[in-house]
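As structure tokens, the structure follows; a few thoughts come after it.
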Amino acid sequence: MQPPLSLQWPSEEATERFARRLARLPQLANAFITLHGDLGAGKTTLVRHLLRALGVTGRIKSPTYAVVEPYQAGGLAIWHFDFYRFSDPREWEDAGFRDIFASPGLKLAEWPKNAEKCLPDADLELEIHVEDDDNRRVTLRAATPLGHALLSELAPPCANP
Ligand SMILES: Nc1ncnc2c1ncn2[C@@H]1O[C@H](COP(=O)(O)OP(=O)(O)OP(=O)(O)O)[C@@H](O)[C@H]1O
Ligand SMILES: [Mg+2]
């Protein structure tokens with residue numbers, strides 16, 4: 001079991017660099033990652049950089065109203081959820097979210113606590129804290145073998161000798 005990984009993103013460029021590193025990891029193709037943090041912390045910003053790094057070229061909208069936006073990049077299926085306005089668990093079945101989580105692909109979810117009774121366990125939980133201005137402190141926690149594989153790739157070398 002790895003301890004949580006703590007990172008600093010001093011600017012949006014640092015967030016983008018992290019997104020590029022994450023995009024290179026093959027385990028990402030079947031990962032479920034939850035994104036925690038206050039309004040405006042940078043969850044959607046990270047997702048946008050990650051989708052671009054994965055090769056998504058079209059418009060990237062925040063899915064606050066639609067709850068989910070689907071993407072395809074290089075044969076990879078990606079779903080970006082935002083459960084900020086999610087309150088009715090019946091919507092889970094009606095909107096086909098169960099089928100999405102049963103399918104292969106990358107799933108990213110903002111405000112997962114609003115759907116925690118429906119959502120499966122995340123592989124990786126990423127929490128963003130606003131420090132000041134553009135500076136973000138980020139904590140990554142793995143909860144599954146896949147999440148641990150991702151986390152060990154993201155940890156700086158020699159951090160845990
Ligand atoms: N280091 C950074 N990483 C990410 N975003 C940053 C950073 N520095 C500044 N920002 C800015 O912070 C804002 C983050 O907004 P964003 O929509 O990504 O937040 P969010 O966490 O998705 O909020 P919400 O809960 O409302 O969906 C953006 O305007 C972004 O440019
Ligand atoms: Mg957002």
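First listed ligand is number 1; within each ligand, the first listed atom is number 1.
When heavy-atom distances to ligand 1 are checked against 4.0 Å, the residues falling inside are W9, S11, E12, T15, D38, L39, G40, A41, G42, K43, T44, T45, E110, W111, D134, R136, ordered by chain and number.
Inter-residue side-chain proximity for I33 and L28 is flagged as met; some heavy-atom pair is nearer than 4.5 Å. Two residues are said to be in side-chain contact when any heavy atoms from C-beta on lie closer than 4.5 Å; W9 and T45 fail this criterion. When side chains are defined from C-beta on, F32 counts as touching L119, because their heavy atoms get closer than 4.5 Å. Side-chain contact check for L46 versus L126: some heavy-atom pair is nearer than 4.5 Å.
Residue pairs that meet the salt bridge (Lys or Arg N to Asp or Glu O under 4.0 Å) test with at least one member in residues 19-34, sequence neighbours left out, are E16-R20. For residues 41-62, the pairs satisfying salt bridge (Lys or Arg N to Asp or Glu O under 4.0 Å) are K61-E69, with sequence neighbours left out.
For the Mg ion (ligand 2), the neighbouring protein N/O/S atoms at less than 2.8 Å, given as residue and atom, are T44 OG1, E110 OE1.
For the residue pair D123 and T144, a side-chain donor N or O sits within less than 3.5 Å of a side-chain acceptor on the partner.
Note: F97 and F81 meet the aromatic proximity criterion, with ring centroids under 6.0 Å apart.
A distance-only check finds a donor-acceptor pair linking the side chain of N30 to the backbone of G105 [under 3.5 Å].
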